[in-house]
Amino acid sequence: MMTTTEPGKEFQAISDASASLESKAVVDRKFPDLYKTFTEHPKYCKNASDDYRNVIFKKAVTTSTSVLSEIQQFDQKSPCGFAPLINRAYFVIKNRLCLLDYANSQDISHHEEDDDIVGVGFVAPKPGIFLDSVKQLLVIATTTMIKVFGIADGPDGLQFVNSYMTTLTNRVCMRQIVGTSQGRIFMLGNDDNVWELDYKAKETWFSSKCSKKLQTSSSSLNFLFGKSRDPIVQLAVNESGTVLYQLTQSSSIHVVYLGTDGFTYNTAYRKHDCIADAKISQPSSKQFTPETRIVSIHTTTKAESLSYHLVAITSNGSRIYYNNQKNAQQMNYDAEPTGLITVHVRTPDDSVAPTDAVSHCLYRNGLTLFVKNPDANPTQSQIVAYSPNLANLGNLILATSTAQLIEDGTTIDIHGKVLSIVEAPTGSDDINEFKYAYHTPSRHFLVLTTSGVTILAKQRPVDMLHNLLLKTTPDTRFRLREFEPFFSQFGYLNACSLCFNLICSANLPTPDSLYSNSAISSPVQDAALELLKKYGQVTSALTDFNNRSYSSIHDGLALFVYRSVQGIWGKHLIKATTTPANTFYTNSIAKQELCNIRNTLSSIKNVIDQKQGLFHFAADSPETASYNHLLTFIDYLKESMSFFIYLIDTDLNAIIKTISKPASQARLLENDINTLLTTPEGMSTVTSDLTAALIDYTTKRYDGNIDYVIDMLTSQCGSFCRADDVLIFNAAKQIASAKTANAEQARKILANTITTLSSIASNISHSKAVEFASQYAELGYHEYGICLALDCAQARDPLNDATAYLDAGCPAGDARQGIFTKKKPFYDIAIEILKKVFLNPSQPADYRKKIMLIAFDPARNDKAFQFYAYDAFLRENIVSVLIEENAPNLEQYLKHPVEYKRLQLLAAYYRYNKRYDAAAQVFAALSQLPSISSEERLDYLTAAETCARSVTSPTKLLEMRYLMDDINTSRELVETQLRTTVQ
């Protein structure tokens, strides 16, 4: 539905399709917070087939002999790891930092210091200190100095820029360096203390540009009081940079609140009984021995859960989940911590024995990786991977399902001894992996070993389906039964959505990156279509908003469309940045994200257009109607994305400022995409006000050259800015200009506008017609308002079916009734103007006559309007003017239905037109009505007699004589009744 389209069926289609998408979204909305899935005893699922493994080996990065030689020289006590934002692995050989480009060249570069390097950190910069091109900082700690370098993209690749921010170490070796998202930097020294590195743009008399600050008390105090030393061995900071956790050697955890002001450092809680507390939760487990300790801690994200904030991994693979709030009812991810409460303990599966050792642990968004028995084999490592089983969590819509966490477990053997494991920043880290399109990279993990870099990939259900199809092509249609376990495991609804995912991704460009999936071949696409034909006819587990059940192929398509747009569905299109001098509008959603959605929707539409036989719905069934509405909605969403992209490319700030209605600007800022595109008010803002602003901006930009503006806008966003929209907008501006023009200029301007608007009447909405007609009437050109309203009505009924419906007696259930209903709002516009003219005593008689002739011009042949207007005039008691002007078809209108008021007017109509014989008959009929008084009856008989005596036609004289005899008889009876009543 675009700017000028009448709401009607198209709006209903969009509304119904939107509701249908919302009814399918319950699949993802029921995907639980992991905390709600914890059960007392951990459950694991070992896949019998490699096709369903959760984490797989993807590739080993090829490295040269010289690179391998340098890795061999690496002392494993020295710093090493990854800087995944810049695609570098690093390791330190004495005073030399070695940086391996594992994504592109596989070359190694070096940075040398004067002293041995003891610590390396890649951290986020503080805002406002470095150039915008600096997205990350490199912090190098040597035995004597700490230095800060900026990392930026340069013309020749990555550049490391010396910031000349340095500070002395004072003989403290900083072993671990971590940064917060707000730019704060914390360092763990070999003096068992936590230090903070501070830096600023300029130095002052009292402080340098770079300095370090001690944040924990010296451990020597413990020695003085005879207490055992318990040094801090690891730091971890949460994603918003508000909480710092510290793990000690004896498995205590300290919780520090950092706030958001850039300097707060409050130790909120120290938990010393972590292992003992965990053992209480698993009293029968053999995993908690006297030797068990915590080897790593990992902060969690808001997306995973608000009920726990930290996961600790023990030396034999158990996980302990902690909430940092004593009052768990007040869950706020960034709230100041008040404790550290054990909320769940998960022991590993049977493949990890209590005597096994784990190292190089990683935990993020529900997925765990660790190296099992790292010292068992110097040339090979075994990595254990656990992740939530999505078959269970993704089908909570089923009545038989229960929300419990069952984890998939996998072991992966890789060459070399593991030195570091990190997750690559692909952005696809939501636990509910059903959401992601195949062409978007899945989660990837980088493993640095003594043999180089290995990349592991998390398999999503869509990846599993793709690999299964690869194995069966080209004879998939003969092996369809082999896919029944997949559909049963993940559910028919989800599986059909995944089939659409693969089919549509085949038509989309595959990004060329280290983490990209392989392109989808035509045989795989064809095989996915075969699966839809086979399994898509199974009834879906969901019902729609009308409690109707459809097929899985229908609901799978709706679910895939929802998943394609859900990333922006709750986001705002526009954001405002206000300064004292100005307000600046920018897009809240990245242009590339809009492009990706548009491409996906285009791909969906192309597939449906090409595969007409894919959907076998019964004709005229509710499912067919829903499917057709969904197709309309897909087109509408696709065109909306193109429109938004064009706004961004043109000049979004200037266009938003062109919007004349403050309420519309406010709606754009306040409402999310879902509201803007699926509610009447939101759609009006986007399709009317925002479109008008774009047309206004473009018209001014091209000096009012309407033809050029039409060509420009229709070629770029034709669905929202069609030629008619430009003409409507231009007409509105011309009418506004007529208000300040002289009489002759105004006449010419308005005559030009009515000619233009009448030519495109079919595309003028009711609201626009009201607006234009009101303006014409205000300027004294009532006839233009009436003509526009009636032209709009006529454009919606080119075959004049409304009049035919009227002539047929308005039969119930007739399809033509809908056409008449569609025209009524435009009829009302014309009638309101007519009433204003005729109820205004100051209007000259000849002007009223002129307006009457225009409104009821017989050439229009619109009897439906005439009768509808006569009804309105009858209610207002101004029908006499119709009689005086001999309005068309008035006699027919007054004859039916037969009722008192109409008979009165019919008699007056005949008398006014000197048709005395007919008037006499009607007056006589009025006199016989039982509901009137005797006095009224005498009056009507007298009027009937007067009219009968006025007839002079020889052919009517005998008829009138008989009528007068009846009149005399009736009069005598009435007079007798009156005398009797008086006596």
Side-chain angles (χ1 to χ4, degrees), residues 50 53-76 78-93 96-112 120 122 136 138 151 153-154 156-160 360 362 369 371 374 377-383 385 410-428 439-459 463 466-467 470 509-521:
D50 286 346
R53 294 181 70 185
N54 57 339
V55 179
I56 60 172
F57 171 87
K58 184 167 185 178
K59 68 182 292 187
V61 176
T62 305
T63 53
S64 64
T65 304
S66 61
V67 171
L68 288 174
S69 176
E70 291 202 61
I71 295 176
Q72 303 297 329
Q73 300 174 46
F74 168 67
D75 181 351
Q76 294 183 25
S78 297
C80 70
F82 288 92
L85 290 177
I86 59 172
N87 294 324
R88 297 293 188 274
Y90 69 88
F91 54 92
V92 170
I93 302 174
R96 188 171 52 171
L97 175 63
C98 305
L99 293 162
L100 171 62
D101 181 355
Y102 55 82
N104 300 307
S105 64
Q106 283 79 52
D107 289 338
I108 200 164
S109 58
H110 303 89
H111 172 85
E112 291 193 11
V120 176
F122 290 87
Q136 202 169 28
L138 165 61
I151 306 173
D153 286 323
D156 300 320
L158 213 57
Q159 288 185 329
F160 291 84
H360 299 99
L362 181 149
L369 293 176
V371 178
N377 187 337
T379 61
Q380 185 165 301
S381 298
Q382 186 177 71
I383 295 178
T410 303
T411 57
I412 307 137
D413 294 328
I414 60 173
H415 189 62
K417 187 170 184 178
V418 173
L419 305 175
S420 178
I421 304 176
V422 301
E423 181 165 0
T426 62
S428 300
H439 62 273
T440 60
S442 63
R443 297 176 72 177
H444 282 68
F445 307 92
L446 305 169
V447 185
L448 179 63
T449 73
T450 51
S451 298
V453 174
T454 299
I455 300 176
L456 307 179
K458 172 72 174 68
Q459 273 213 121
D463 303 317
H466 175 260
N467 295 336
L470 271 179
T510 303
D512 183 19
S513 78
L514 190 67
Y515 313 116
S516 299
N517 290 325
S518 59
I520 295 177
S521 63

Measure the shortest side-chain to side-chain distance between [X] and [Y] over non-hydrogen atoms and say whether it is less than 4.5 angstrom.
X	Y	answer
H466	I520	yes
I421	I383	yes
P84	F445	no
D463	N517	yes
E70	L100	no
V418	P374	no
N377	Q382	no
V447	F57	no

Answer yes or no: is there a donor N or O on one side and an acceptor on the other, between the side chain of S442 and the main chain of Q459, under 3.5 Å?
-> no

Just by distance, do the side chain of R88 and the backbone of C98 share a donor-acceptor pair under 3.5 Å?
-> no

[atom2] on [Y] to [atom1] on [X], rounded to 0.5 Å:
X	Y	atom1	atom2	answer
I412	L369	CD1	CG	6.5 Å
L446	Y102	CG	OH	4.5 Å
D101	L158	CG	CG	8.5 Å
I86	L138	CD1	CG	7.5 Å
L514	I455	CG	CD1	3.5 Å
K417	T379	NZ	OG1	11.0 Å

Heavy-atom closest pair, residues [X] and [Y]:
X	Y	value
A89	L448	CB-CD1, 4.3 Å
Y515	P441	O-CB, 3.5 Å
T62	Q106	O-CG, 3.0 Å
T450	P378	OG1-O, 4.5 Å
I71	G452	CD1-CA, 3.9 Å
S428	R443	O-CG, 2.7 Å

Where does the angle between the aromatic ring planes of F122 and Y90 fall among parallel (under 30°), tilted (30 to 60°) and perpendicular (over 60°)?
-> tilted

Check the pair T449, S381 against side chain to side chain contact (heavy atoms under 4.5 Å, CB included), reporting the backbone distance first and the verdict last.
-> CA-CA 9 Å; T449 73; S381 298; 5.7 Å; no

Just by distance, with hydrogens left out, do S516 and S513 show a side-chain donor and acceptor under 3.5 Å apart?
-> yes

